[in-house]
Amino acid sequence: MAQGNVRQPKYQRIAEELKAAIRTGAYGPGDRLPGENDLMATYEVARMTVRQALGVLQNEGLAEARKGAGVYVRSFRPLRRRGLPRLARDRWGSGKSVWSADIEDRPLDVDQVEVTESPADDRIAEALELPSRAPVCVRSRRYVLEGKPVLLSTSYLPADVVAGSAITERDTGAGGTYARLAELGHEPVHFREEVRCRMPSADEADRLALPMGTPVILICRTALTEDGRAVEFNEMTLDSASYVLEYAFDA
C-alpha cells in the first residue's frame, strides 16, 4: 500500500535537527542552544514556530529554559530506576537504602518530610485491606538528586503494625522502612507495582519544578508479607524527564 506524502511540521523538523545536534555532541550538557532570533533567520520561520520547536526539547527533558538567558542543553543525567534490584532483600536487609541501586555516587537529599497519622480513605483502605477510616501512618517526602527534585513519595502503613517504631519518626534508620518492618515481624517478601502516566497537579508541578507540559509517572507499590498481608502502600510521583524505568527479568 502506498504511503501518503505527509509533510513534517516545520517546528518538528527544527526540533529533530536540534536533537540530532545534541546527540552528536555539537551541543553538550550546559551549552546554550541557538536563540529564537537565530533560529528564525536560519529556518525562515515565525517566532511561534521556533518556540514550539524549543518546547519539544524541553518537554522531552533534553533542554531547559533559563529566565532571561535562553534555552540550554540539560546537564542533569536521567536517573535509571532499576525496578527489581532496588527492592532486593539483600539490599535493604543489609542497611542500604533502596535508592542506592539507582543513584550510584550522586548526591541525594530528602526534604519536605512529614510523618502523621490519619484515617484511611476508601482508596488507601482498599489497598491495605483495612476497614474504612482505620488509622494509618502516613510518610510523605521529596527526593532531590543533584539539586533537582525528581520524586514525591507518600507511604501508607497500618498504624497498629508500626506503632512505637522508627517508622513513625522522620528518620527510619539504616535500611529504611522495609528493614524496620522486618524487625517488627512483618518482613515484605513480595511487591506489586502499577505504573501509569498523567499530567501533574499544580502542587506536583511546583514541588518538582516541572517545565510546563511535562508529564509525571505515577508508580503505586504495595508491599506484602509472606502470608499476603499488605503492610505498605506507596504512591510515587516521578518527573518523567528525569527517569528511565528499567526492568530486567528472565524468560
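Just the heavy atoms: all of them, side chains too, but no hydrogens, waters or symmetry mates, feed the values below.
The pair R66-E64 counts as a salt bridge, with a side-chain nitrogen and a carboxylate oxygen less than 4.0 angstrom apart. Salt-bridge formation is detected for the pair E235/R123: a Lys NZ or Arg NE/NH1/NH2 atom is positioned less than 4.0 Å from an Asp or Glu carboxylate oxygen. In this structure, R74 pairs ionically with D239, as a charged nitrogen and a carboxylate oxygen lie closer than 4.0 Å.
Side-chain contact check for R141 and S155: at least one donor-acceptor pair (N or O, by modelled atom type) lies under 3.5 Å. With hydrogens and angles left out, the side-chain atoms of D203 and S201 include no donor and acceptor closer than 3.5 Å.
One N or O on the side chain of R139 and one on the backbone of R170 form a donor-acceptor pair closer than 3.5 Å. Listed for the R198 side chain is no donor-acceptor partner under 3.5 Å among the backbone atoms of L218.
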Full working for side chain to side chain contact (heavy atoms under 4.5 Å, CB included) between L57 and V71: CA-CA 9 Å; L57 272 65; V71 178; 5.9 Å; no
I'd like to know whether L128 forms a side chain to side chain contact (heavy atoms under 4.5 Å, CB included) with T222, so could you lay out the CA-CA distance, the side-chain angles of the two residues, the decisive distance to 0.1 Å, and finally the verdict. CA-CA 8 Å; L128 292 174; T222 306; 5.6 Å; no
Verify side chain to side chain contact (heavy atoms under 4.5 Å, CB included) between V216 and L152, making sure each step is shown before the conclusion. CA-CA 10 Å; V216 293; L152 307 175; over 6 Å; no
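Looking at every heavy atom in both residues, L151 comes nearest to S153 through CD2-CB, 3.9 Å.
D109 contributes atom CG, which lies 12.0 Å from atom OH of Y143 (distance to the nearest 0.5 angstrom). Atoms CD1 and CE, on I14 and M40 in that order, are 10.5 Å from each other to the nearest 0.5 Å. In this structure, CZ in R7 is found 12.5 Å from CD in Q12, a value given to the nearest 0.5 Å.
In M199, the CE atom is crowded: over 12 heavy atoms of neighbouring residues, nucleotides or ligands sit closer than 6.0 Å. Heavy-atom contacts from other residues, nucleotides or ligands closer than 6.0 Å to CD of Q112 number more than 12.
Hydrophobic clustering places Y247 together with L238 (ILVMFWY residues linked when any side-chain heavy atoms are closer than 4.5 Å, directly or through intermediates). Residues F233 and M236 fall into different hydrophobic clusters, defined by Ile, Leu, Val, Met, Phe, Trp and Tyr side chains chained together at heavy-atom separations under 4.5 Å.
Listed by first and then second residue, the side chain to side chain donor-acceptor pair (under 3.5 Å) pairs that reach into residues 18-30 are E16-K19, K19-E60, sequence neighbours excluded.
Using a 4.5 Å cut-off on side-chain heavy atoms (C-beta onward), C137 and V115 make contact. At a threshold of 4.5 Å between non-hydrogen side-chain atoms, the residues E204 and L210 do not count as touching.
In this structure, the salt bridge (charged side-chain N to carboxylate O under 4.0 Å, His left out) partners of R229, at least two apart in sequence or on a different chain, are D160. Scanning for salt bridge (charged side-chain N to carboxylate O under 4.0 Å, His left out) contacts around E183 gives R180, with sequence neighbours left out.
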